[in-house]
Amino acid sequence: LGVDTSEDLLEIARIRHPTRTFIRLDADHLSTFFSDVEFDIAVGRSMKDMIVNNLGVERWHKIESEMKRVASRIMLIEYESLPISCIVSP
């Protein structure tokens, strides 16, 4: 399952992976669709720095809380600054 706010990026994902499901949704509103610990892991790629820089650290904390609520673990991969970082939290 893929979640993004960009319909353009979701359309690319749907073309590349036609058998998978992708939905348009703000990551801080995951409760609209998902219950607590519905997933084993939630993965965020290149999103933390972008959200903090453009929407603020408070918005990031809300999104991170939602990711932790819907998944037993989260993995964040950041490419914005070198070295590339990967954080996995229980």
Looking only at heavy atoms, what is the nearest atom pair of Ala71 and Ala42, with distance?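 Taking every non-hydrogen atom into account, CB-N, 3.5 Å.
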Please give me the minimum heavy-atom distance between Thr5 and Leu25, naming the atom from each residue.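 Thr5 and Leu25 have their closest heavy atoms at CG2-O, 3.6 Å.
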Rounded at 0.5 Å granularity, tell me how far [atom1] in [X] sits from [atom2] in [Y].
{"X": "Ser6", "Y": "Arg24", "atom1": "OG", "atom2": "CZ", "result": "7.5 Å"}
{"X": "Ile63", "Y": "Leu30", "atom1": "CD1", "atom2": "CG", "result": "8.5 Å"}
{"X": "Glu7", "Y": "Ile23", "atom1": "CD", "atom2": "CD1", "result": "11.0 Å"}
{"X": "Ile74", "Y": "Met67", "atom1": "CD1", "atom2": "CE", "result": "5.0 Å"}

Closer than 3.5 angstrom, by distance alone: can the side chain of [X] be matched with the main-chain N or O of [Y] as a donor-acceptor pair?
{"X": "Asp26", "Y": "Asp28", "answer": "no"}
{"X": "Arg20", "Y": "Leu1", "answer": "no"}
{"X": "Glu66", "Y": "Ser31", "answer": "yes"}
{"X": "Glu38", "Y": "Ser35", "answer": "yes"}

Would Val3 end up clustered with Phe33 when hydrophobic side chains under 4.5 Å apart are linked, directly or stepwise?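 The answer is yes; both residues are in one hydrophobic cluster.
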Does Arg45 CZ have over 12 foreign heavy atoms under 6.0 Å away?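 Open.
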Is it true that atom CG of Asp40 has more than 12 heavy atoms of other residues, nucleotides or ligands lying nearer than 6.0 Å?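 No, the 6.0 Å shell around CG holds no more than 12 heavy atoms from other groups.
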Contact between [X] and [Y] at the side-chain level, heavy atoms closer than 4.5 Å - yes or no?
{"X": "Ile77", "Y": "Met75", "value": "yes"}
{"X": "Val37", "Y": "Val70", "value": "no"}
{"X": "Arg73", "Y": "Val43", "value": "no"}
{"X": "Trp60", "Y": "Met47", "value": "yes"}

Give the C-alpha distance, both sets of side-chain angles, the deciding distance and a yes or no for salt bridge (charged side-chain N to carboxylate O under 4.0 Å, His left out) between Glu64 and Arg69. CA-CA 9 Å; Glu64 184 180 34; Arg69 185 189 62 75; over 6 Å; no
If you look only at pairs with a residue in residues 34-54, which of them pass as a ring pair (Phe, Tyr, Trp, His ring centres under 6.0 Å), with sequence neighbours excluded?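 Every pair satisfying ring pair (Phe, Tyr, Trp, His ring centres under 6.0 Å) with a residue in residues 34-54: Phe34-Phe39.
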Test side-chain contact (heavy atoms from CB on, under 4.5 Å) on Phe22 and Asp4; report intermediate values, then the result. CA-CA 8 Å; Phe22 300 93; Asp4 203 307; over 6 Å; no
